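Following: one structure in C-alpha cells, then a few remarks.
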Amino acid sequence: MPTPPMNVSEEVREALARRHPVVALESTIIAHGLPRPRNLQVAKELEAEVREGGAVPATIAVLDGRAQIGLTPSQLERIADDPSLRKLGHRDLAPAVAAGADGATTVSGTAFLAARAGIRVFATGGLGGVHREWTATQDESADLSLLARTRITVVCAGVKSILDVPATLQRLETLGVGVLGYRTDRFPGFYLSSSGEPVDWTVHEPEEVAAAMAAQDALGGPESALVVGNPVPEREQLDPELHDRVLAEALAACAREGITGQAVTPFLLGHLVHHTDGASLKANLAAVRGNVRLAARIATAWSRTPA
Ligand code: PSU
Ligand code: MN
C-alpha cells in the first residue's frame, strides 16, 4: 500500500496516539467564507479556543498536493492570504493531490481527511445542504452524502440559512445522518438561533454526545456521521427581519448574476456581510466560536469514554 499523501502534524499525531482530545477545523470558512484580512485573525482565534478548551486543534487543508492535518502558523497564513486558493470538496482531493495544488477544504473534504487521520470531532459554522431552487439546479452540497458514510461528529450551528433548511433536514433523514439539538428542540438557523424546524433528539451535556458516539460504534455500521446542532445565543444572532430581507436580495442577486456551482455559497455569504454592515459576520463568528468551544468539550468527553 502506498503511504497516503497526508502530513499529520507532530502535535496532532501525539495527541491522537495518547487519546488526547483533538478537534478538526475546516479551512474553506477561512479562505472563502470570511472577508480578508479578518479571516486570518479568526483562524488563529478558533485554534486558541480549542486549546483553551483543553484540546488540540487540527486545521485541515491541502498544500503542495499533500493533505495537511494541523497547520503551522505560516501554513495558516497561506490559506488566509491567497485570494485564488481553490475550494476542495472531497471529490476535488484526488485531482488537487495529483496536480500538487493548494486548496482549502470544505466540510466534506475536511470530514473525509479528518476521519482518515483518526480524528472523531470536527467543528464548523454551518453545514452545506440543499439549495433553494433545487428543482432547477439540483444543487445539493456534497457535505451531506459524505457525512452519510463518514464516522465523525460535526458540531455546527445547523445548515447555512441561505439553504432550503427543511429539504436539507429531510435529506439528512433519508441519508441516515443522526442529528442532535444541543440544549434545544429546534434545529439551529446558522445566523439565527432557530430555523423553526424541530429536531428529534435533544442533549444537554457533552457527555451525552460522547455516549451517542459510543453507541454508534457499538451498533456497528453504516459509518454515518453525527451532527450536533448548537445554536448561536439569541443575543448574538442576526436580527431575523434584517436576515430575511437581505437574504432575499442576495438570492435575487445570485440569480441575476448567473452565479452557479461552488461560487454560490461564498457569493451569498459575502453579500450578506456587505449588506448587513457586518452584522451577519458577527453572528457567523459567534456561531463558529460557540461550536469550536463545544467541540473541545465533546472531544474531551470522548477521550474519557472507554475505547
Ligand atoms: N460554514 C461557514 N462558512 C462557510 C462554510 C461553512 O460558516 O463558508 C463552507 C463549508 O466549507 C461548507 C461549504 O462545506 O461552505 C459548503 O459549500 P457548498 O455549498 O459549495 O458545498
Ligand atoms: Mn453546491
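Both counts, for ligands and for their atoms, begin at 1 and track the order of listing. Residue indices begin at 1 and follow the sequence shown. Every heavy atom of this structure was used, including side-chain atoms; hydrogens, water molecules and symmetry mates were not. Given the structure is predicted, the values throughout are model-derived calculations rather than measurements.
- In the hydrophobic clustering, where aliphatic and aromatic side chains (Ile, Leu, Val, Met, Phe, Trp, Tyr) are joined below 4.5 Å either directly or transitively, L219 stands alone.
- Under 4.0 Å is where a charged nitrogen must lie from a carboxylate oxygen, and between D217 and R120 at least one such pair does.
- Each of E26, T28, I29, G33, K87, T106, V107, T124, G125, G126, H131, S141, D143, K160, F190, T265, L269, N284 has a non-hydrogen atom positioned under 4.0 Å from some atom of ligand 1.
- Proximity of a side-chain donor or acceptor of S195 to a complementary backbone N or O of F187 within less than 3.5 Å is detected.
- One N or O on the side chain of R183 and one on the backbone of H204 form a donor-acceptor pair closer than 3.5 Å.
- Without hydrogens or angle criteria, T276 side chain to S280 main chain gives a donor-acceptor distance under 3.5 Å.
- Salt bridge E49/K44: absent, no basic N to carboxylate O contact under 4.0 Å.
- T150 and A115 make their closest contact through CG2-CB, 3.6 Å (heavy atoms, listed as atom of the first residue, atom of the second, distance).
- The main-chain N or O of R78 is never found under 3.5 Å from a side-chain atom of D82 such that the two would form a donor-acceptor pair.
- Excluding water, every protein N/O/S atom under 2.8 Å from the Mn ion (ligand 2) is given here by residue and atom: D139 OD1.
- The hydrophobic cluster around L93 extends to M6, V8, V12, L16, V22, V56, I60, V62, I69, L88, F112, L113, I119, L146, counting ILVMFWY residues whose side-chain heavy atoms fall within less than 4.5 Å of a member.
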